[in-house]
Amino acid sequence: MNLSLYNTMSRTVEAFEPLERRHVRMYCCGPTVYNFAHIGNLKTYVFEDILRRTLEAAGYRVTHVMNVTDVGHLTDDGDEGEDKMVKSSKEKGLDVHEIARMYTDAFFHDTDALNILRPHVACRATEHIEDMIALIKRLEAKGHTYVAGGNVYFSIDTFPDYGKLAKLNLEELKSGARIDVDENKRNPKDFALWFTKSKFENQVMVWDSPWGVGYPGWHIECSAMSMKYLGESFDIHCGGIDHIPVHHTNEIAQSEAATGKPWVKYWVHGEFLINETGKISKSKGEFLTLSVLQEKGFDPMDFRFFCLGGHYRSQLVFSWESMDAARNGRRNLVRQVRALKEQAAASSVLCAEAQSYVDEFSGHLGNDLNAPRGLATLWSLLKDNSIKPGDKLGALYRMDGILGLGLDSPEQEKEEETAIPHQILALVEERLKAKREKNYHRADELRAIVEKAGYKLTDTPGTTQVSKTL
RNA sequence: GGUGCCGUACCCAAGUGGUAAGGGACAGGUUUGCAAAACCUCCAUGCACCGGUUCGAAUCCGGUCGGCACCUCCA
């Protein structure tokens, strides 16, 4: 399987060649655990999961590392603003560590529900403060830092390639166009590595350091932890597209300034999920989480299926109508798979025709993760009556190894029996009797009554199933 | 003000020079007393608009209009 990926650094699709022959080292920016993940966040993790599964399907051993940001960071990249962890902790009346634990659990609960493979290493920022301090010391020794107003800053003017990822034009950037510039900074684009004198109110999350008691800047954790677990140069770094201009730009500066080596080979960024009003965010509009979707009757897999319908580098438009479409489409798929399962067991060796569908599918996924095309191939396979059920199922399972829709997992019969009132059951009985007597006029009357009461009747040979209308 | 992305049917969405994938909805049909399910069929001579290049353009170039994102913590 050939694999090519769009590299933000070169702005082109490049053939993928890892630094080590059969091993891929991948770092994904993880959640900041001061709140639930919203479905926009989750879209990015779905894309990263597709990337990982594609790499594995291509035969690579993957080491997947993700950070969990449990250090409080300010609502502002400068020295102002409120600490988000503290803010959340106050609102919930829990201490910051409890907040972090609660939202970390919630995060993995959601990603598990979406069948997203867990990273091999999920590292907490609070457990790597020493690594961050060591990295800052390294930068300090090389003259990339300065102390001002009690904080340690990275001086971007000491790093000639600053902004290469985002293609920032430093002359023309209007820093401070929308916010006030931190007056401690020599260059408005400088960023803090360590804070000691912020007016933080968080007395819990502070650590001792050579520069005084305080806490790390928000970019340093990713550099420190990724290099700790993946080495000073590794293959893939991914995250949301919003990270390009600031977070990843700063990570590159501090990482490469410290080591003097190229840091990351491929930068892969996922586009945003948006709705009619713009991006889905934590501070704007309705806060859409996976739980909200589930409360509205959607299965987490419906959301995964929905995400797979668009390309990861395109904005995807969320609407309830689209979710309905995704649910219908996925139910249709599951139904067909169930029918195949009843006919045959999945073949372990595929016939040539089935294999050619799998190859076509792999070609699409290998071509910068074109999941929508892959899905189209899956539907054509399903429709191809020249392929025997066992081969069809075997091919489907291979495709699903990447799609992760859980097609091979045993059917969980979700339709749990909600208690049907005995009045309704009595009406159903009466209707059955009318049916047997071929009194269809009466039977239809009874159907109307029962349906009006909020129950759906489905006739099967000899009996009738009752279920509550959603 | 700067930068980037985008505009494809009723909805979502692929498609980067060779004559519009796929899903959903809708409609028609087969079948079942009815209903549901299932199955079959149908669904863009056209890809925001206007010019240009080309044998050929949704795809390339120029312009216009519209949307989104980033330059602020953000997936």
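In what follows, chains are A, B, ... by sequence order, proteins preceding strands, each numbered from 1. Bear in mind that the values here come from a model prediction, so they are computed numbers and not experimental data.
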**Q** Quick one: which of rC34(B), rC39(B), rG15(B) gets closest to the side chain of Lys435(A)?
**A** rC34(B)

**Q** Which nucleotide sits closest to the side chain of His243(A): rA75(B), rA14(B), rC34(B)?
**A**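 Selected nucleotide: rA75(B).
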
**Q** Nearest to the side chain of Thr458(A), heavy atoms from C-beta on, is which of rC12(B), rG23(B), rA36(B)?
**A** rA36(B)

**Q** Of the options rA35(B), rC70(B), rG33(B), whose atoms approach the side-chain atoms of Pro245(A) most closely?
**A** rC70(B)

**Q** In this structure, how many angstroms lie between the P atom of rC71(B) and the NZ atom of Lys189(A), rounded?
**A**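 Rounding to the nearest Å, NZ of Lys189(A) and P of rC71(B) are 8 Å apart.
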
**Q** Could you state the CG-C1' distance from Leu316(A) to rC11(B), rounded to the nearest angstrom?
**A** 13 Å

**Q** Roughly how far apart, to the nearest Å, are rA44(B) and rU32(B) at atom C1'?
**A** 36 Å

**Q** With the side chain of Asp242(A) defined as its heavy atoms from C-beta on, choose the nearest nucleotide among rA69(B), rC70(B), rC12(B).
**A** rC70(B)

**Q** Does the Lys NZ or Arg CZ of Arg313(A) fall within the cation-pi geometry relative to Tyr6(A) - under 6.0 Å from the ring centre and within 45° of the axis?
**A** yes

**Q** Do the ring centers of Trp194(A) and Tyr153(A) come within less than 6.0 Å of each other?
**A**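 Not under 6.0 Å, so no.
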
**Q** With nearest nucleotide decided by heavy atoms, which residue, Gly40(A) or Lys383(A), maps closer to the 5′ end of RNA chain B?
**A**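 Closest to the 5' end, via its nearest nucleotide, is Lys383(A).
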
**Q** Could you work out the separation of rC42(B) and rG24(B) based on their P atoms and round it to a whole Å?
**A**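 One P to the other, the span is 15 Å.
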
**Q** Assign each of Ser380(A) and Glu321(A) to its nearest nucleotide of RNA chain B by heavy atoms, then name whichever residue's nucleotide is nearer the 5' end.
**A**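 Checking each residue's closest nucleotide, the 5'-ward one belongs to Glu321(A).
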
**Q** Could you walk me through whether His120(A) and His64(A) pass the side-chain hydrogen bond (donor to acceptor under 3.5 Å, both in side chains) check?
**A** CA-CA 5 Å; His120(A) 301 100; His64(A) 174 196; 5.2 Å; no

**Q** How is the base pairing of RNA chain B summarised as a dot-bracket string, given the Watson-Crick and G-U wobble criteria with both distances under 3.5 Å, [ ] for crossing and | for another strand?
**A** ((((((((.[[[..)..(...]]]..((((.......))))......[[[[[..)....]]]]])))))))....

**Q** Are Asn332(A) and rG23(B) close enough that a side-chain N or O sits under 4.0 Å from OP1 or OP2?
**A** no

**Q** Salt bridge or not between Arg331(A) and Asp302(A)? Use side-chain N to carboxylate O under 4.0 Å.
**A** no

**Q** So which nucleotide from rA21(B), rC34(B), rG23(B) ends up closest to the side chain of Pro372(A)?
**A**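 Looking only at heavy atoms from C-beta outward on Pro372(A), the closest nucleotide is rA21(B).
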
**Q** Provide, to the nearest angstrom, the distance between the NZ atom belonging to Lys438(A) and the P atom belonging to rU32(B).
**A**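 These atoms are roughly 13 Å apart.
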
**Q** Could you give the distance separating rC10(B) and rC6(B) at their P atoms, to the nearest angstrom?
**A** 23 Å

**Q** With rounding to whole Å, what would you report as the distance between rA13(B) and rG18(B) at their P atoms?
**A**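 So the two P atoms sit 24 Å from each other.
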
**Q** Given the P atoms of rG28(B) and rG46(B), what is the spacing between them in whole Å?
**A** 26 Å

**Q** Taking the same atom, C1', in rA57(B) and in rG62(B), what whole-Å distance lies between them?
**A**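 It comes out at 15 Å once rounded to the nearest Å.
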
**Q** Between Met323(A) (CE) and rA13(B) (C1'), how many Å, whole number?
**A** 15 Å

**Q** Tell me what Leu378(A) touches on the nucleic acid: a base, only sugar-phosphate, or nothing, going by heavy atoms under 4.0 Å.
**A** nothing

**Q** Is the distance between the ring centroids of Tyr229(A) and His128(A) under 6.0 Å?
**A** yes

**Q** Taking the six-membered ring for Trp, is the centroid-to-centroid distance between Phe16(A) and Tyr266(A) below 6.0 Å?
**A**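 Centroid distance Phe16(A)-Tyr266(A): below 6.0 Å, so yes.
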
**Q** Between C1' on rC73(B) and CZ on Phe195(A), what's the gap in Å once rounded to a whole number?
**A** 11 Å

**Q** Can you tell me how far P of rA36(B) sits from CZ of Arg331(A), to the nearest Å?
**A**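 Computing the Arg331(A):CZ to rA36(B):P distance gives 16 Å.
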
**Q** Considering only side-chain heavy atoms of Asp444(A), which listed nucleotide, rC34(B), rC12(B), rA75(B), is closest?
**A** rC34(B)

**Q** Measuring from the side chain of Ser322(A) (C-beta onward, heavy atoms only), which nucleotide among rC12(B), rC34(B), rG15(B) has the closest atom?
**A** rC12(B)

**Q** Rounded to whole angstrom units, what separation is found between the CZ atom of Phe318(A) and the C1' atom of rA69(B)?
**A** 19 Å

**Q** Checking contacts here: which listed nucleotide (rA75(B), rG24(B), rC68(B)) is nearest the side-chain heavy atoms of Tyr45(A)?
**A**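 The answer is rA75(B).
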
**Q** If you measure from the C1' atom in rG23(B) to the same atom in rA9(B), how many Å do you get, rounded?
**A**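 Between the two C1' atoms, the distance is 13 Å.
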
**Q** CG of Leu381(A) to CE of Met399(A): how many Å apart, nearest 0.5 Å?
**A** 4.5 Å

**Q** Hey, does Arg431(A) reach any base, or is it just sugar-phosphate, or nothing, if we go heavy atoms under 4.0 Å?
**A** base

**Q** Provide the distance between the two C1' atoms, one in rA58(B) and one in rU19(B), to the nearest whole Å.
**A** 11 Å

**Q** Does Ser314(A) reach a base, just sugar-phosphate, or nothing at all? Heavy atoms under 4.0 Å.
**A**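 It contacts sugar-phosphate atoms only.
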
**Q** Can you see which heavy atom on Arg304(A) is nearest to which on Ile116(A), and at what distance?
**A** NH1-CG1, 3.8 Å

**Q** Tell me the closest heavy-atom pair linking Asn370(A) and Arg373(A), and the distance in Å.
**A**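 Taking Asn370(A) first and Arg373(A) second, the nearest heavy atoms are OD1-N, 3.1 Å.
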
**Q** Have a look at Leu457(A) and say if it touches a base, only the backbone sugar-phosphate, or nothing, with a 4.0 Å heavy-atom cut-off.
**A** base

**Q** How long is the line joining NZ of Lys43(A) and P of rA75(B), in whole Å?
**A**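 Distance check: Lys43(A) NZ to rA75(B) P gives 14 Å.
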
**Q** Heavy atoms under 4.0 Å, any strand shown: does Asp324(A) hit a base, just sugar-phosphate, or nothing?
**A**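 Answer is nothing: Asp324(A) stays at 4.0 Å or more from every strand.
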
**Q** As a test of reading the structure: which of rG4(B), rA13(B), rC11(B) is closest to the side chain of Arg11(A), going by heavy atoms?
**A** rG4(B)

**Q** Contact class for His247(A) vs. all strands (heavy atom < 4.0 Å): base, sugar-phosphate, or nothing?
**A**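 Nothing: the residue His247(A), judged by heavy atoms under 4.0 Å, touches no strand.
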
**Q** Base, sugar-phosphate, or nothing: which does Gly270(A) touch, judged by heavy atoms less than 4.0 Å apart?
**A** nothing

**Q** So, for Phe306(A) and Phe298(A), is the gap between ring centers shorter than 6.0 Å?
**A** no

**Q** Would you say a side-chain N or O of Asn328(A) is under 4.0 Å from OP1 or OP2 of rG24(B)?
**A**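 No, outside the criterion.
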
